[in-house]
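Below is one structure, written out as structure tokens; the observations come after it.
Numbering starts at 1 and runs along the sequence shown.
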Amino acid sequence: MDQPEEGDSQSFANRILQELYSQITIPFQRQPQNQTAREEAFTKNEIARIIKKVPIKKAPGHDGIDFIVLKPIFRTHPEILITFYNKCLSLQYFPNPLKTGVIVLFLKKGKNKSDIISYRPVSLLPTLGKILEKLLLERLNHHLRRNNLQCPNQYGFRTNRSTEEAILDLLDKINSAKNSNQHALMISLDIKGAFDHLQYTSIKNSLNNLKYHSNTLETLIDILSNRKVAINTSQGPATWNQQQGCPQGSCTGPAFWNLVADEVLQQNWPQGVHLQAFADDFVFLVNAGSKQEVKNLANKALQTFKTWTDKHKLEI
């Protein structure tokens, strides 16, 4: 992009935000549900467990409040944060000021410095909001585990899962096909800018499909409305609406992605077709008795996968 004229840093920052965060025709509108189950209030122990684990060296958001400040506040006056977070849960409301991320741009290795798409935008989010995200996610993840709703073929952003396990499981299936004298084909697929282009309606629909109608779920959904991004300049912050995508740096982003990705991972794939993922990297393993059968199965599988990406406005 062209360099800004002297004294015009704010408008230059606005152009960067507009290029990074495109607007959509119909912005996400939350429709609060009144008939929701009221889960118990957050306990002091729940909050203490999260605050104990948060790293003190992480940069704060636009409010300048870092975890170094929050830890002693909770230690000496826990009722302040307990009351605040339980009021959010009761109102099914994620406060708008906690949804604004300050953008810091990191140049991707080997990329052109003058091209804005060469930079990875990382959001510095308010620490108060990060703790609320973690509280809500703990309850969501408990619901997913208790009801066995997490797809076993997703190896990314999952507790006790790893790249090593993903590779070993894939190798086992390749060796099994080899031992059965079958032809096998592996297809690797990457979603272009998966986190940046994830649609809020896709996230909301995936959450609703969990049949977890509660104040926890409604508060999570409220995270998606009225999101903003900002870049600090000498003339003050430049701000812009974020209408799609999960902030890189948020706690909920990985969980939201997995919920949407589970839809395609849990497809009723035909015999001989296996699909697994590590976050937004997918791998098909297709095996059959002949090369032509492998080709036919692979084409059908790729078409099904494309139907899913088209539905959620994602690109391979």
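Side-chain atoms of D63 come within 3.5 Å of backbone N or O of I65 as a donor-acceptor pair. Here the side chain of R161 pairs a donor or acceptor atom with the backbone of P152 at under 3.5 angstrom. Put simply, the side chain of N147 never gets that close to the backbone of L149: no donor and acceptor are under 3.5 Å apart. A donor-acceptor pair under 3.5 Å is formed between the side chain of T76 and the backbone N or O of P72. In this structure, N258 contributes its side chain and G156 its backbone to a donor-acceptor pair below 3.5 Å. At least one donor-acceptor pair closer than 3.5 Å links the side chain of R38 to the backbone N or O of S90. Between the side chain of Q242 and the backbone N or O of V229, no donor-acceptor pair lies under 3.5 Å. Side-chain atoms of Q235 come within 3.5 Å of backbone N or O of Q10 as a donor-acceptor pair. A donor-acceptor pair under 3.5 Å links the side-chain atoms of N179 to the main chain of N175, judged by distance alone. Checked by atom type and distance alone, the side chain of S188 never pairs as donor or acceptor with a backbone atom of V283 at under 3.5 Å.
Nearest heavy atoms, F305 versus W269: N-CH2, 4.4 Å. Here the shortest heavy-atom pairing between L128 and Y85 reads O-OH, 2.9 Å. Of all non-hydrogen atoms in L314 and A194, the two that sit nearest each other are CD2-O, 4.3 Å. For the residue pair Y21 and P121, the shortest heavy atom distance occurs at OH-CB, 3.5 Å. Nearest heavy atom pair, residue F84 against residue P95, reads CZ-CG, 4.0 Å. Nearest heavy atoms, K99 versus S225: NZ-O, 2.8 Å.
Between K306 and D310 there is a salt bridge, with a side-chain nitrogen of the basic residue lying less than 4.0 Å from a carboxylate oxygen of the acidic one.
The number of heavy atoms from other shown groups lying within 6.0 Å of NZ (K108) is above 12. Within a 6.0 Å sphere centred on CD of Q18, other residues, nucleotides and ligands contribute more than 12 heavy atoms. When the shell of 6.0 Å around CD of Q271 is examined, it contains 12 or fewer heavy atoms from other residues, nucleotides or ligands. Surrounding NZ of K71 are more than 12 heavy atoms belonging to other residues, nucleotides or ligands, all under 6.0 Å away.
N268 contributes atom CG, which lies 10.5 Å from atom OG1 of T304 (distance to the nearest 0.5 angstrom). Within the model, atoms OG1 of T100 and CG of L125 stand 9.0 Å from one another, a figure rounded to the nearest 0.5 Å. One distance of note links SG of C88 with CG of L135; it measures 10.0 Å at 0.5 Å rounding. The distance from the CZ atom of R120 to the NZ atom of K109 is 12.5 Å, given to the nearest 0.5 Å. Atom NE2 of H142 is separated from atom OH of Y212 by 8.0 Å, given to the nearest 0.5 angstrom. A distance of 9.0 Å separates CG of L224 from CG of L198, quoted to the nearest 0.5 Å.
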Take V54 and T127 through the test side-chain contact (heavy atoms from CB on, under 4.5 Å) and record every step on the way to the result. CA-CA 9 Å; V54 292; T127 52; over 6 Å; no
Is there a side-chain contact (heavy atoms from CB on, under 4.5 Å) between Y93 and T219 once you walk through the steps? CA-CA 5 Å; Y93 177 70; T219 312; 6.0 Å; no
Before you tell me yes or no, could you show the steps for D169 and K173 under salt bridge (charged side-chain N to carboxylate O under 4.0 Å, His left out), namely the whole-Å CA-CA distance, both residues' side-chain angles and the distance that decides it to 0.1 Å? CA-CA 7 Å; D169 285 354; K173 287 179 171 55; 5.9 Å; no
Would you check, one step at a time, whether the test side-chain hydrogen bond (donor to acceptor under 3.5 Å, both in side chains) holds for N299 with Q303? CA-CA 6 Å; N299 285 334; Q303 184 55 55; over 6 Å; no
Between N208 and L217, does a side-chain contact (heavy atoms from CB on, under 4.5 Å) hold up when you go through it step by step? CA-CA 8 Å; N208 285 337; L217 190 78; 4.1 Å; yes
Evaluation steps, side-chain contact (heavy atoms from CB on, under 4.5 Å), between L17 and I103: CA-CA 9 Å; L17 291 173; I103 302 304; 4.2 Å; yes
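One hydrophobic cluster, built from ILVMFWY side chains closer than 4.5 Å, cannot hold both L171 and F278; they sit in different ones. Residue L210 is grouped with residue I203 when hydrophobic side chains (ILVMFWY) are merged at heavy-atom distances under 4.5 angstrom, including chains of intermediate members. Taking hydrophobic clusters as Ile, Leu, Val, Met, Phe, Trp and Tyr residues chained together by side-chain heavy-atom distances below 4.5 Å, V260 shares a cluster with I316.
Partners of N215 by side-chain hydrogen bond (donor to acceptor under 3.5 Å, both in side chains), not counting sequence neighbours: none found.
Considering K44, E46, K87, H77 as possible partners of I82, the one that fulfils the side chain to side chain contact (heavy atoms under 4.5 Å, CB included) test is K44. Partner of T216 under the side-chain hydrogen bond (donor to acceptor under 3.5 Å, both in side chains) criterion, chosen from Q92, E138, E39: E39.
Side chains of Q244 and S22: a donor-acceptor N/O pair is present below 3.5 angstrom, by distance only. In this model, a donor atom of one side chain and an acceptor atom of the other lie less than 3.5 Å apart for S290 and E293. H274 and Q276 are linked by a side-chain donor-acceptor pair at a separation below 3.5 angstrom, with hydrogens and angles left out of the test. Side-chain atoms of S202 and H312 include a donor-acceptor pair closer than 3.5 Å.
Classification of the W257-F282 ring pair by plane angle, with boundaries at 30° and 60°, yields perpendicular.
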